[in-house]
Protein chains: 2
Amino acid sequence: MSVKHALLALLEQQPMYGYQLRAEFEQRTGTTWPLNVGQVYTTLTRLERDGLAFADGEDGEGHVIYRITDAGRDEVATWFTTPVGRTQPPRDELAIKLALAVTVPGVDVGTVIQQQRSATMAALQDYTRLKRQAAAGAVPDAGADDGSGGADLAWSLVLDSLVFAAEAEIRWLDHCESRLRRAAAGGVGRRNARLDEEAPARGAR
Amino acid sequence: MSVKHALLALLEQQPMYGYQLRAEFEQRTGTTWPLNVGQVYTTLTRLERDGLAFADGEDGEGHVIYRITDAGRDEVATWFTTPVGRTQPPRDELAIKLALAVTVPGVDVGTVIQQQRSATMAALQDYTRLKRQAAAGAVPDAGADDGSGGADLAWSLVLDSLVFAAEAEIRWLDHCESRLRRAAAGGVGRRNARLDEEAPARGAR
DNA sequence: CCAGAGCATATACCGGGTATACATGTCCTA
DNA sequence: TAGGACATGTATACCCGGTATATGCTCTGG
């Protein structure tokens, strides 16, 4: 639901049309999560259906202008005041992959971990390179108002978020490696982590 | 695509029926990501459509047994050997929320951050509590094979992944707070972060 | 005997996300 | 100046992930 609420928050700031909403969104999140235009319009349709926004005619250039409603303003307020994530974290593909790699025989978990670490470290370098670019491109000192409304700061914070997540991923991979080594050395769970055949038939019932 | 590949990996280990696949999946990921049964069957249908698995009659109890194909085995192999995430990381709702909170006037970013930190720390405590339970429930020393096939180890690693992610989130929130404080003190971007009205009209064109 | 619970399969439905169609306007250039 | 490339702008078709629900079945306890 993040796109829906993000669009609502932008509409709260100012009435806008679809294409403009995409531009504003991407100005704040940069190249991280390019927003497909189609999704903007479908989301706007749903927002109108749910009474959170409505198309309010056209401006001078023929753009369909959307406005937020009072219900929409309430929705934005609750979105900002309600923390996210405590219920069900989104499925983590890497965690699922490793959980399967550990339990399914015939998979070399060590290689999976090593390759993933390399890829994540490469991504980390990309992020730091992007951060350098962003720092260079930013206005060194915009006295009163540079017109960006802090969009470059937001984009920088998003980048930091990716960096922190990638670093945590690498730490977790190291942690998995050492735990697997310990398990292989000790008595418990010395199977898997190497290709050993003949899995016992163990159904659910 | 993580569910699709996870089911394929399970089918590579052994032919199974739908309900059994869900049980095997949840045994490895615990209560983290409960898998809806319906998704299993729709995914199986798609797997059959794409030639990665096929329904191979019934077993004694009348269960529809699915088998993996050679193409499916290839798919699993490439899944395990190809790292994940370098292309487009999944949308992070929290990052989007904060990016919007920073750029949209009238939002108290400090409160958003503080509330989120509290919620994340609560989740962190839940995770460590679950880890204690898992450690207590695990077989202390299963000499040869406890029949779980390392499912408890996988579930424990998944939990660790959640812990690492939550810790990184908290670190990022602290980082955001200090950056915002610095921005508020310095010259650049002293707007936002406080409710100041009268946003200048700045459209995309 | 039957009410409820767990097992098992299947389908309807919605939201997220991508690709694509289509139309307009602008700008560059052969 | 005609035309091609390109950005702007809106809209729709389509697939996949995810949830809820319908429908049987078996087993068990009161």
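Here is how names work: the chains are called A, B, and so on, in the same order as the sequence lines, proteins then strands, and each is numbered from 1.
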* Is the shortest side-chain N to carboxylate O distance from A:K97 to A:D92 below 4.0 Å? -> no
* Asked: Closer than 4.0 Å, any side-chain N/O of A:Y41 to the OP1 or OP2 of D:dT10?
  -> yes
* Take atom CG of A:D50 and atom C1' of C:dG16, then tell me their distance rounded to the nearest Å. => 15 Å
* Just checking A:G18: base, sugar-phosphate only, or nothing, at a heavy-atom cut-off of under 4.0 Å? -> sugar-phosphate
* Just how far, in rounded Å, is C1' of C:dG15 from CG of B:N36? -> 15 Å
* Asked: CD of B:E61 versus C1' of D:dC27: gap in Å, rounded?
  -> 15 Å
* Given DNA chain C, 5'-ward residue of the pair B:Y66 and B:R91, judged by closest heavy atom -> B:Y66
* With respect to the side chain of A:Q39, which nucleotide from D:dA20, C:dT18, D:dT10 is positioned closest? -> C:dT18
* Between the main-chain N or O of B:L52 and the side-chain N or O of B:D50, is there a donor-acceptor pair closer than 3.5 Å? -> no
* Asked: Roughly, in whole Å, what's the span from OH in B:Y19 to C1' in D:dG24?
  -> 13 Å
* To do: For the side chain of B:Y17, starting at C-beta, report the closest nucleotide among D:dG9, C:dA8, D:dC16.
  => C:dA8
* **OP1 or OP2 of C:dG15 under 4.0 Å from side-chain N/O of A:R49** => yes
* Between P of D:dG18 and CG of B:L7, the distance in whole Å -> 11 Å
* **Whole-Å gap separating P (C:dA8) and CG (B:L44)** => 14 Å
* To do: May I ask you to say what A:V37 touches in the nucleic acid, namely base, sugar-phosphate or nothing, with a heavy-atom cut-off under 4.0 Å?
  => base
* Structure fact -> A:P90 meets the side-chain contact (heavy atoms from CB on, under 4.5 Å) criterion, sequence neighbours left out, with none
* Of the nucleotides C:dG16, C:dA19, C:dT9, which has the atom closest to the A:K4 side chain? -> C:dG16
* To do: Can you figure out which of C:dT18, C:dA8, D:dT10 approaches the side chain of B:H63 most closely?
  => C:dA8
* Backbone N/O of A:E177 and side chain of A:D174: donor-acceptor pair under 3.5 Å -> no
* Mind checking side-chain contact (heavy atoms from CB on, under 4.5 Å) for B:Q39 and listing every partner two or more places apart, or none if nothing turns up? => A:R91, B:V3, B:L35, B:T42, B:T43
* Asked: Which of these nucleotides, C:dG16, D:dC16, D:dG18, is closest to any side-chain atom of B:R46?
  -> D:dC16
* d(CD, B:E26; C1', D:dG18) in whole Å -> 14 Å
* Asked: Considering only side-chain heavy atoms of A:T42, which listed nucleotide, D:dT19, D:dT12, C:dG15, is closest?
  -> D:dT12
* Short side-chain N/O contact from B:R22 to OP1 or OP2 of D:dG18, under 4.0 Å -> no
